[in-house]
Amino acid sequence: MSTNQSIGYMNAPVPKDINLKEEIDKLRKEKNAIILAHYYQTGDIQDIADFVGDSLALAQWAAKTKADIIVLCGVHFMGETAKILCPDKKVLVPDLNAGCSLADSCPAPAFEEFVKQHPGATVISYVNTTAAVKAVTDVVVTSTNARQIVESFPEDTRIIFGPDRNLGNYINSITGRNMLLWDGACHVHEQFSLEKILELKKQYPDAEIITHPECKQPIIQVSDFVGSTAALLKHTIKSEKKQFIVATESGVIHEMRKQSPLKEFIPAPPNDSTCACNECNFMRLNTMEKLYNCLKFELPEIFVDEEVQKKAIKPIRRMLEISEKLGL
Ligand code: SF4
């Protein structure tokens, strides 16, 4: 089936009189499908998912599921990661247009050329990359395990880190390493306004500023806590503070509020908008209607070239093995 046909099914009209939650649940059971959702999905999708997590957790779930169909409610590279890990399963994403500006900032041919210019260097890639970039990578990382995986290599190892320059700079600063960085970034995390965050801090002087390491350094410098989406969530549960200014995609606030209903979560605002929070437009392409169509028509499906899959699975498995050893 062509991509255009897939997109047609994706947007097929959904009868107005059906109960979407019940129908999605019925289809999931009938088809032995599992719904995995990223924290940046809308609240209704997070609530109906079998599992909600960050990129590392979603990969770990995909690797161990016995389901015949994996519906990955996230963006394209997450679907690809699941397909690489489970080449014999059907992997679906509700909206095939759900891309990622960070993955797009690292085209595989240019990255391969960069790698060739530094023979002998170990290549560490963030999971937010295409399958083709993973295929030229030694070990994949997520923001949850990046520090530990980098530190698992001897100090004198020459490392290429891609594609996120902000995460790479942050890891360099906390580990004392001097990794060569690919110059990519995520449009959501680059957008946060330091000025507006500091204004919010004046308004909420007791609030902790908690920040994802994909943000720029000036934001990281004024933060009380820096960590992956999962680490930020854990921190809000453990912290004695009652208010948090959250500098990452605002979807995670849904789970933060569920876990800590008595605490207050204030989304950090972006630079060039009147909107109070910062959303990933790619993540928000997925809707309950598209999730329903996706399960009903078993489309759109993610495919990965066989040769690329065979190469790309090695660095992902390596990440999962190291993470397991480290108890992550
Ligand atoms: S928030 Fe940024 S890194 Fe995450 S999917 Fe959206 S564009 Fe990609």
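One-based numbering, in listed order, for ligands and for the atoms of each.
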- [ ] May I have all residue pairs that pass ring pair (Phe, Tyr, Trp, His ring centres under 6.0 Å) and include part of residues 52-91, sequence neighbours excluded?
- [x]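 Qualifying pairs, neighbours excluded: F51-W61.
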
TODO: Answer with yes or no whether the side chains of T142 and D54 bring together a donor and an acceptor at under 3.5 Å.
DONE: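 No donor-acceptor contact under 3.5 Å links the two side chains.
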
TODO: With the side chain counted from C-beta on, respond yes when V91 and E301 share a heavy-atom pair under 4.5 Å apart, and no when they do not.
DONE: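 With C-beta onward as the side chain, the pair stays apart.
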
Open item on the list: A side-chain contact here means heavy atoms from C-beta on lying under 4.5 Å apart; do I48 and L291 qualify?
Closed with: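 The answer is yes, as the side chains (C-beta and beyond) meet within the 4.5 Å cut-off.
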
TODO: Mind telling me whether H38 and Y40 have parallel, tilted or perpendicular rings, with 30° and 60° as the class edges?
DONE: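 Ring orientation of Y40 relative to H38: perpendicular.
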
Open item on the list: More than 12 heavy atoms of other residues, nucleotides or ligands under 6.0 Å from CD of E307: yes or no?
Closed with: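 It does not: E307 CD has 12 such atoms or fewer within range.
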
Task: Within-2.8 Å protein N/O/S contacts of atom 2 (Fe) of ligand 1 - done: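 Correct list: C186 SG.
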
